[in-house]
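Chain identifiers are assigned alphabetically (A, B, ...) following the order of the sequence lines, protein sequences preceding nucleic acid strands; residue numbering begins at 1 within each chain. Not measured: the values here are computed from a predicted model.
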Amino acid sequence: MKEKDLRRSLSVLPIGTVMKLTSLTARQIRYYEEQGLVSPERNEGNRRMYSLNDIDLILEIKDYISDGMNISKIKNVYEQRKQEAFNSGSRNKLSDQEARRLLSDELLNVGGLNSKDVKGNNSF
DNA sequence: ATTCTCACA
DNA sequence: TGTGAGCA
């Protein structure tokens, strides 16, 4: 059952495809990478190659940004969740899935305290 | 035709 | 972020 997971993680999509699938501009997509939100591979021509997982992640990032959240905050949460998942769960079978799951969880939380305060929970 | 990096309106 | 320049 991990074969699909593997395929899902294969970076074979050029940025052009990602643009169409996410409705984002190349600029934005590259910018997210710059902020450490996505980590596309690079082919021999230095071209960015994205995986389906990347698409998924970018799609979510796009959503959160649409909800009016700062890149830095998303970045922060994502890296934080990623490391926690790495330390507590399986330290080898990374958490592309887990990370994304945790990411959305945290992000919803953080998103709520965006225009309010930090004492309570998410204002959902 | 496509993508890349860099830099500026 | 958009956009254009100059490469690969």
### Message
If the cut-off is 4.0 Å, is Tyr32(A) near the phosphate of dT1(C), judged by side-chain N/O to OP1 or OP2?
### Response
yes
Practice prompt. Pick base, sugar-phosphate or nothing for Gly16(A), based on heavy-atom distances below 4.0 Å to the nucleic acid.
Written response: sugar-phosphate
The Watson-Crick or G-U wobble partner of dA1(B), with both key distances under 3.5 Å, is none
Check the phosphate of dT3(B) against Arg48(A), side-chain N and O only, distance under 4.0 Å to OP1 or OP2. Yes or no? no
Judged by nearest nucleotide, the residue sitting upstream toward the 5' end of DNA chain B, Pro14(A) or Arg27(A), is Pro14(A)
If pairing means Watson-Crick or G-U wobble with both distances under 3.5 Å, then the partner of dT1(C) is none
_Does a side-chain N or O of Thr25(A) approach OP1 or OP2 of dG2(C) to a distance below 4.0 Å, or not?_
yes
Q | Flag side-chain contact, heavy atom, 4.5 Å: Asn53(A) against Ser9(A) | A | yes
In short, Pro14(A) meets Tyr50(A) closest at the heavy-atom pair C-CD1, 4.4 Å
At under 4.0 Å, does any side-chain N or O of Arg42(A) touch on OP1 or OP2 of dT5(B)?
-> yes
_Could you tell me if Ser66(A) and Asp63(A) have a donor-acceptor pair between their side chains, going purely by distance under 3.5 Å?_
no
Are Asn46(A) and Arg42(A) close enough that a side-chain donor and a side-chain acceptor fall under 3.5 Å? yes
